[in-house]
Number of protein chains: 2
Amino acid sequence: MEGQASMDEKTKTDGVRPTATQSGAPSNAQSGLQTGNPQAAPHLPGNDRPTLKTIAYMTGLGITTVSRALKDAPDIGADTKERVRLVARQVGYQPNRAGVRLRTGKTNVISLVLSLEEEIMGLTSPIVVGISEVLAATPYHLVVTPYSPSRDALAPVRYVLDTGAADGVIISRTEPKDARVALMLERNFPFATHGRTDMGLAHPYHDYDNEGFAYAAVRALVERGRRRLTLLQPPRHLTFHRHMRNGFDRAVRDFGVETIPFDTVDIDHSLIDIRTAFESLLRGGAVPDGIVSGSGAGTIALIAAIEATGRKIGTDLDVVSKVPSDFLGWLRPEVITMKEDIRHAGHELAKAVLARIAGRPPEELQSLSGLDKAKT
Amino acid sequence: MEGQASMDEKTKTDGVRPTATQSGAPSNAQSGLQTGNPQAAPHLPGNDRPTLKTIAYMTGLGITTVSRALKDAPDIGADTKERVRLVARQVGYQPNRAGVRLRTGKTNVISLVLSLEEEIMGLTSPIVVGISEVLAATPYHLVVTPYSPSRDALAPVRYVLDTGAADGVIISRTEPKDARVALMLERNFPFATHGRTDMGLAHPYHDYDNEGFAYAAVRALVERGRRRLTLLQPPRHLTFHRHMRNGFDRAVRDFGVETIPFDTVDIDHSLIDIRTAFESLLRGGAVPDGIVSGSGAGTIALIAAIEATGRKIGTDLDVVSKVPSDFLGWLRPEVITMKEDIRHAGHELAKAVLARIAGRPPEELQSLSGLDKAKT
DNA sequence: ATGACCAACTGTATCGTTGCAGTTTTTTCG
DNA sequence: CGAAAAAACTGCAACGATACAGTTGGTCAT
């Protein structure tokens, strides 16, 4: 391979590479008698990838015609289109993304904005994988744009909007009144959220049915005879705090059991903090005999606390946990788990943004998952 | 906000948006009397983001001058540079990526190529986070390009090379003779690998010291009096299979203990398979009293097998596991763990590609981590 | 004074693509 | 048969940035 590395004519000094020593793929080889004879030696990008110009030369057509043929425009003859397509396929033509983007503004990029906080217990992996799997069948690329929890969550979104860095955005960790959602809606920018909002504004989302989860979790505990329940909940500022709380409280009311407050920590706290907090709850006066955990990682801290106080899960108390994978099921089968399929969420979210970009109305792009729990 | 949404003159009908209904950020508003009077109403992108043209107009300089001033070129006056920089900062100028990319070929993108297989136990999360943290301080974006294990691992790399989709690539799961590495070296394309190769060719890499890990693991087992050891190893085709195997075998020799073969599965197998295989080993004739596990996820399957056969870790046998996080430490403190810091690997890999892009020689961009193990 | 030289700045062409406004050819029809 | 219309194709300009080859105006030595 490589073979004929024939230097182009004179002006071969267009190779760019600002700081780099190596040259890599794009080399911008350039030649062609610019003004001279109109129909001769039409440049033909040396070893480079084919462009419209290449195909135009090969077919004897104009660049515009080729462009329009590949777009299946109505004013191009059927046989011409066929011929162009054939040649394009033959030479492996792929439109230059920079060219398209410069001209049309279309980036063919979806930006996944995520909090570094989500790293805990790796929600990132499966969501990235899920999104990728959908995008793989499209011309879209996935750009991951993380922000540190300390910084403004709005910043990355604003960046994308201001620079037009992507055609669509996926965000997570939504709040009831979410500034990012407000901003993107105002600018009419395609996006989808992992989690709902509560602003009376329709937008694409995918969410796990946390209310259903919490309700089912309480029921499971009650069925095991537990009557003094508590909840390791999401941080108050996120939308799904309310959902989970509602489900929990409603079930508690419905089943007529007692609750023990456990408000000092939430699932965003460090495992150490959660463990410490739960341990002191367990050593205190009002001790729960059942706990619902809104996070797989948090559950690990709870387990540690429980065992540190000499209690036994399944005997002294029961734990129901939402989990992103089934590690817990392997290591602590006595914990009741309900799986949240994050990869599936990735699929849904990706499909939603794409549909939104294609112009589908937001109302049709909302989905909820849950209920199919895997008890152990 | 929004305020003065003054429509531009006549030719404002350039707004593009092929398929989309919504318009989003880039709108390509365009006007300006093209030929007429040379120094008048110079277009000034309506509400859009500023370009070099904007700054040129504001400063009264030429576009070229502005471009060169912002690049700190030597042929621009010091005070002019200062003035340009000021205005640029003032209007929030950010170079249009498509423009730069089209002209120079520089994408400002790093492509992370990963196997969907890696999803297991989420190595993806921390490596993405680690890379992002480094790139955050640069103009680089991170594009995630996964490939399904069934498909050709070479495909995504070839794609990047052929289309110039990125300035640098990060790959993992290297093989001793790695086709991707060969290809990128041949094309002199900047990249870094997570894992080494064995082709006698220098390239940037970061690797975990799997040999050291395995050696230390065996020592830890021997110190606990274990003498019949086995290894849950990486798949044979990956480079670190040899490393880990070497460390294991050398330690076994050095400490004069026995080994039990366990070759039917490797860490890429499903947890079910691993568990089944290990269970049948445990129920067989030659039973190990110590096992070294090359993967945190795999260890979970091993534990399950051990407990299913009524054995107790720490008593009947010991387990040493490499882990990416410390979940195991929380849930099975009796397992001896050694942490592989994947996020750190992300840092190193990102720094390595960037340095390579900047022209630093590969030999200087190789790093190994390990040894700082966290025993429990 | 006059040419050489330098510092500071600018115009033009170009990357690949596409919207727009043609142009050429063929067909249709009064 | 000639004009209008349709079909098929094409050139130009522009998106934003930059390499290159100037241009301008001044300083200095001869």
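Numbers restart at 1 for each chain; the letters A, B, ... are given by sequence-line order, proteins then strands. Please read these numbers as outputs of a predicted model, since none were measured by experiment.
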Residue pair [X] / [Y], side-chain heavy-atom distance below 4.5 Å:
{"X": "Y93(A)", "Y": "T54(A)", "value": "no"}
{"X": "R97(A)", "Y": "N108(A)", "value": "yes"}
{"X": "H141(A)", "Y": "T107(A)", "value": "no"}
{"X": "V143(A)", "Y": "L112(A)", "value": "no"}
{"X": "I110(B)", "Y": "I170(B)", "value": "yes"}
{"X": "Y147(B)", "Y": "L114(B)", "value": "no"}

Using whole Å, what does the distance between atom [atom2] of nucleotide [N] and atom [atom1] of [X] come to?
{"X": "L102(A)", "N": "dA17(D)", "atom1": "CG", "atom2": "C1'", "value": "9 Å"}
{"X": "K53(A)", "N": "dC15(C)", "atom1": "NZ", "atom2": "C1'", "value": "9 Å"}
{"X": "I55(A)", "N": "dG16(C)", "atom1": "CD1", "atom2": "C1'", "value": "12 Å"}

Can the ring centroids of F189(B) and H203(B) be said to lie less than 6.0 angstrom from one another?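 Ring centroids of F189(B) and H203(B) are no less than 6.0 Å from each other.
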
Going by number, which of residues 61-78 of chain A have a non-hydrogen atom under 4.0 Å from DNA chain C?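 Going residue by residue through residues 61-78 of chain A, the ones with a heavy atom under 4.0 Å of DNA chain C turn out to be I63(A), T64(A), S67(A), K71(A).
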
How bent is the helix from dA1(C)-dT30(D) to dG30(C)-dC1(D), measuring the angle between the end axes built from five pairs each, rounded to 10°?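 Taking the rotation axis at each end, their angle is 70°.
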
Among dC15(C), dA17(D), dT17(C), the one nearest L52(B) by side-chain distance: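 Nearest nucleotide to the side chain: dA17(D).
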
Please list, by residue number, the residues of residues 80-96 of chain B whose heavy atoms come closer than 4.0 Å to an atom of DNA chain D; answer none if no residue qualifies.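 Here the set is Y93(B), P95(B), N96(B).
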
Using a strict cut-off of less than 4.0 Å between a Lys/Arg side-chain nitrogen and an Asp/Glu carboxylate oxygen, indicate whether R49(A) and D162(B) qualify as a salt bridge.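 Salt bridge between R49(A) and D162(B), a charged N being under 4.0 Å from a carboxylate O: no.
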
Thinking salt bridges, do R356(A) and D167(A) make one under a 4.0 Å N-O criterion?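 Answer for the salt bridge query: no.
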
Inspect the surroundings of CD in Q90(B) and state if more than 12 heavy atoms from other residues, nucleotides or ligands are less than 6.0 Å away.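 Result for CD/Q90(B): open.
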
Side chain R103(A) and base dT17(C) donor-acceptor under 3.5 Å: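 No.
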
Looking only at atom types and distance, does a side-chain atom of R83(B) sit under 3.5 Å from a main-chain N or O of V87(B), one as donor and one as acceptor?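 No, because the side chain of R83(B) does not come within donor-acceptor range (under 3.5 Å) of the backbone of V87(B).
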
